[in-house]
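We number each residue from 1, following the sequence as shown.
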Amino acid sequence: MIAGRSFHSRLIVGTGKYKDGAETRDAVEASGAEMVTVAVRRVNLDRSKESLLDYLDPKKMFLLPNTAGCYTADEAIRAARLGREVGLSDWVKIEVIGDQATLYPDIQATLIATETLVKEGFTVLPYTTEDVVFAKRLIDVGAAAVMPLGAPIGTGMGLQNIHGLRILRELITEVPLIVDAGLGTASDAALAMELGFDGVLLNTAIALAENPILMAEAMRHAVLAGYQAKLAGRMPRKLYASASSPMEGISR
């Protein structure tokens with residue numbers, strides 16, 4: 001549940017870096033994702049020529065505009081407003097980049113954009129770091145979810161600060177937590193879910209895989225497996241071995 005809306009899939013996928021619109025469509029369908037992000041600044045919104053939007057059916061999936069490519073709060077706010085004006089959605093993933101090399105978020109600008117857009121009636125899902133103090137500030141100004149990075153965008157390094165993410169998961173319970181960015185393969189997605197996160201958002205891990213469609217299917221299963229494992233509760237870790245078949249009652 002995000003802002004009162006129910007989703008059956010806990011996997012959110014992006015739509016960048018694919019070789020063409022058909023591959024994007026096929027990968028999204030294979031992933032089973034119901035929420036799909038679309039970069040407002042990188043798609044042809046007026047449909048004057050072929051657009052990514054020609055391959056995404058809003059009747060089958062929930063389109064989440066994002067402000068990728070924005071480096072100031074004002075740019076992100078304008079992009080969000082544009083997405084709403086052209087009929088994409090009044091939901092938005094806020095992404096305000098503060099550093100070109102790492103694509104880390106500008107947390108102050110993110111906070112300003114989130115607060116402004118919430119006041120304008122948007123449902124805002126901000127991309128941020130694993131800083132729990134800042135996460136709480138985003139919630140205070142009305143963020144509908146908090147989306148900390150697992151690693152820098154597009155690196156495929158997996159979860160680089162598990163300790164910080166664990167703390168975030170333990171202390172943030174008011175809104176959904178969704179790991180966003182840096183995952184590389186299915187085991188990364190499963191681990192994020194086993195840590196107790198409510199979902200994962202990824203793009204490059206699928207789009208740049210040798211077989212994007214197969215990787216999309218793998219991510220679909222990984223998110224479900226990780227979620228079920230968390231619900232099931234793992235066995236205790238032990239220092240020494242314990243026989244799978246107990247010795248009690250064995251005749252000698």
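- With no hydrogens or angles considered, a side-chain donor-acceptor pair links E130 and N161 at under 3.5 Å.
- Placement of F62 and F122 in two distinct hydrophobic clusters is found when ILVMFWY residues are connected by side-chain heavy-atom separations under 4.5 Å, directly or transitively.
- Between K60 and E34 there is no salt bridge, since no side-chain N of the basic residue sits under 4.0 Å from a carboxylate O of the acidic one.
- Linking Ile, Leu, Val, Met, Phe, Trp and Tyr whenever their side-chain heavy atoms come within less than 4.5 Å puts Y18 and V40 in one cluster.
- Under the 4.5 Å side-chain heavy-atom criterion for grouping Ile, Leu, Val, Met, Phe, Trp and Tyr, M1 is not connected to M35 through any hydrophobic cluster.
- In summary, the side chains of D99 and T102 do present a donor paired with an acceptor at a separation below 3.5 Å, with no hydrogens or angles considered.
- A 4.5 Å side-chain heavy-atom check between Y55 and T24 finds every atom pair outside the cut-off.
- For the pair R10 and Y227, the cation-pi test (distance below 6.0 Å, angle within 45°) is passed.
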Please lay out, stage by stage, how K136 and D131 fare under the test salt bridge (Lys or Arg N to Asp or Glu O under 4.0 Å).
-> CA-CA 9 Å; K136 290 180 177 180; D131 185 330; over 6 Å; no

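- With hydrogens and angles disregarded, a donor-acceptor distance shorter than 3.5 Å links the side chain of D188 to the backbone of T185.
- Within a 6.0 Å sphere centred on CD of E170, heavy atoms belonging to other residues, nucleotides or ligands number 12 at most.
- Counted by atom type alone, T37 and K93 present zero donor-acceptor pairs between their side chains at under 3.5 Å.
- Under the 4.0 Å criterion applied to side-chain N and carboxylate O atoms, E115 and K119 are assigned as salt-bridge partners.
- Put simply, V124 and I112 are part of two different groups of oily side chains (I, L, V, M, F, W, Y) that touch within less than 4.5 Å, one to the next.
- Under the 4.0 Å criterion applied to side-chain N and carboxylate O atoms, R25 and D54 are not assigned as salt-bridge partners.
- Nearest heavy-atom pair across I2 and I178 is CD1-CD1, 4.0 Å.
- Of the possible donor and acceptor atoms, none in the side chain of D90 sits under 3.5 Å from a partner among the backbone N and O of R84.
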